[in-house]
Number of protein chains: 2
Amino acid sequence: MKQYDHPPIEDFDLIAVLHALADPYRLSVVRKLAIAQPQPCAPLQGGRPKSSTSHHFMVLRKAGVVYTEIIGTTHMNRLRDAELNSRFPGLLEAVLKAVEKEPLEGCENVPR
Amino acid sequence: MKQYDHPPIEDFDLIAVLHALADPYRLSVVRKLAIAQPQPCAPLQGGRPKSSTSHHFMVLRKAGVVYTEIIGTTHMNRLRDAELNSRFPGLLEAVLKAVEKEPLEGCENVPR
DNA sequence: TCAATAGTTCGAATATAGTCGAACTATTGA
DNA sequence: TCAATAGTTCGACTATATTCGAACTATTGA
């Protein structure tokens, strides 16, 4: 069962993390994973072709934002929130909090 | 004395702020302003041509990261840190903290 | 009034990123 | 063994960003 390479914490680069988060689609993925983890890619596609989704997940993985475990045919994604927080304390939390009141496609009916 | 338009807090957009910060040169400007405010553009150029500097300052201003006041012939820049913090609590602080141990060109000899 | 200063604007060139269809790979379950 | 599933890779295209020189504007101080 082949797995992805994920950067170790000490290789996390702030510019790469900020860039990874500075895209509406990728930010929505991060928000959804923050609500429910882990998740396969499929339910997070949001109407996009698989190749685009795959590209964005690669950006998230390379930055260290997402960890993907291959289980059978599905790729299970989770946030590397603890690692991110140990390297860049408060960053992910601040980002998630910054958009928590904004609508999140696919989660319109989630009660608060 | 003509002045710039700066977006009001309620128009701040997280994606734009993250994008503004996700560039090495712009992040260095933000770090330098966090150390000493306000400053004109000139000492922050870092060897770049003026047109590039001007472009990056425009990105920072449009995102709401930097406030520029025109005083005579110099454009004095400061961080909109309080406003940023009221809109996106903890974000700027987390970003600055994330890189505080990294070298900052032009500040190599600052004692700690 | 005029030169110097500080920074902008323009336009073109280059680089980086995002999008998408089509072909591909690995795994599972029948 | 074979079809279905989940996602990747490739290559081409488009869009967005960055870079830079050159010409420009506004203000000041001599």
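The chains referred to below are lettered A, B, ... by the order of the sequence lines, with proteins before strands, and numbering in each begins at 1. Just so it is clear, the values below take in all heavy atoms, side chains as well, and ignore hydrogens, waters and symmetry mates.
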Q) Ignoring hydrogens and angles, are the base of dG21(C) and the side chain of Ser51(A) linked by a donor-acceptor pair under 3.5 Å? A) yes
To the nearest angstrom, the CG-P distance between Asp5(A) and dT8(D) comes to 14 Å
* Flag the pair Arg78(B) and Glu69(B) as a salt bridge only when some basic side-chain nitrogen lies within less than 4.0 angstrom of an acidic carboxylate oxygen. => yes
task = Remember a base hit wins even if backbone is also touched, and classify Ser54(A) as base, sugar-phosphate or nothing at under 4.0 Å, heavy atoms.
result = base
Any Tyr4(B) side-chain nitrogen or oxygen under 4.0 Å from OP1 or OP2 of dG7(C) | no
Show every donor-acceptor pair shorter than 3.5 Å between a side-chain atom in residues 53-64 of chain B and any protein atom, with sequence neighbours excluded, or say none if there are none.
residue	atom	partner	partner atom	Å
Thr53(B)	OG1	Pro49(B)	O	3.1
His56(B)	ND1	Arg26(B)	NH1	3.1
Arg61(B)	NH1	Thr68(B)	OG1	3.1

Rounded to whole Å, NZ of Lys2(A) lies from P of dT27(C) at a distance of 10 Å
DNA chain C nearest-nucleotide lookup for Ser52(A) and Thr73(A): closer to the 5′ end is Ser52(A)
Testing dC20(D), dC20(C), dA6(D) for proximity to the side chain of Pro49(B), the answer is dC20(D)
Residues of residues 55-71 of chain B with a heavy atom under 4.0 Å from any atom of DNA chain C, listed by number, are Arg61(B)
Where DNA chain C forms runs of at least three Watson-Crick or G-U pairs (i with j, i+1 with j-1, under 3.5 Å), the stems are C:1-30 with D:1-30
Ranking dC20(C), dG7(C), dC20(D) by distance to the side chain of Pro40(B), first place goes to dG7(C)
Winner on side-chain proximity to Lys50(A), out of dT8(D), dT18(D), dA17(C), is dT8(D)
When rounded to whole Å, the NE2 to P distance for the pair His75(B) and dT27(D) reads 9 Å
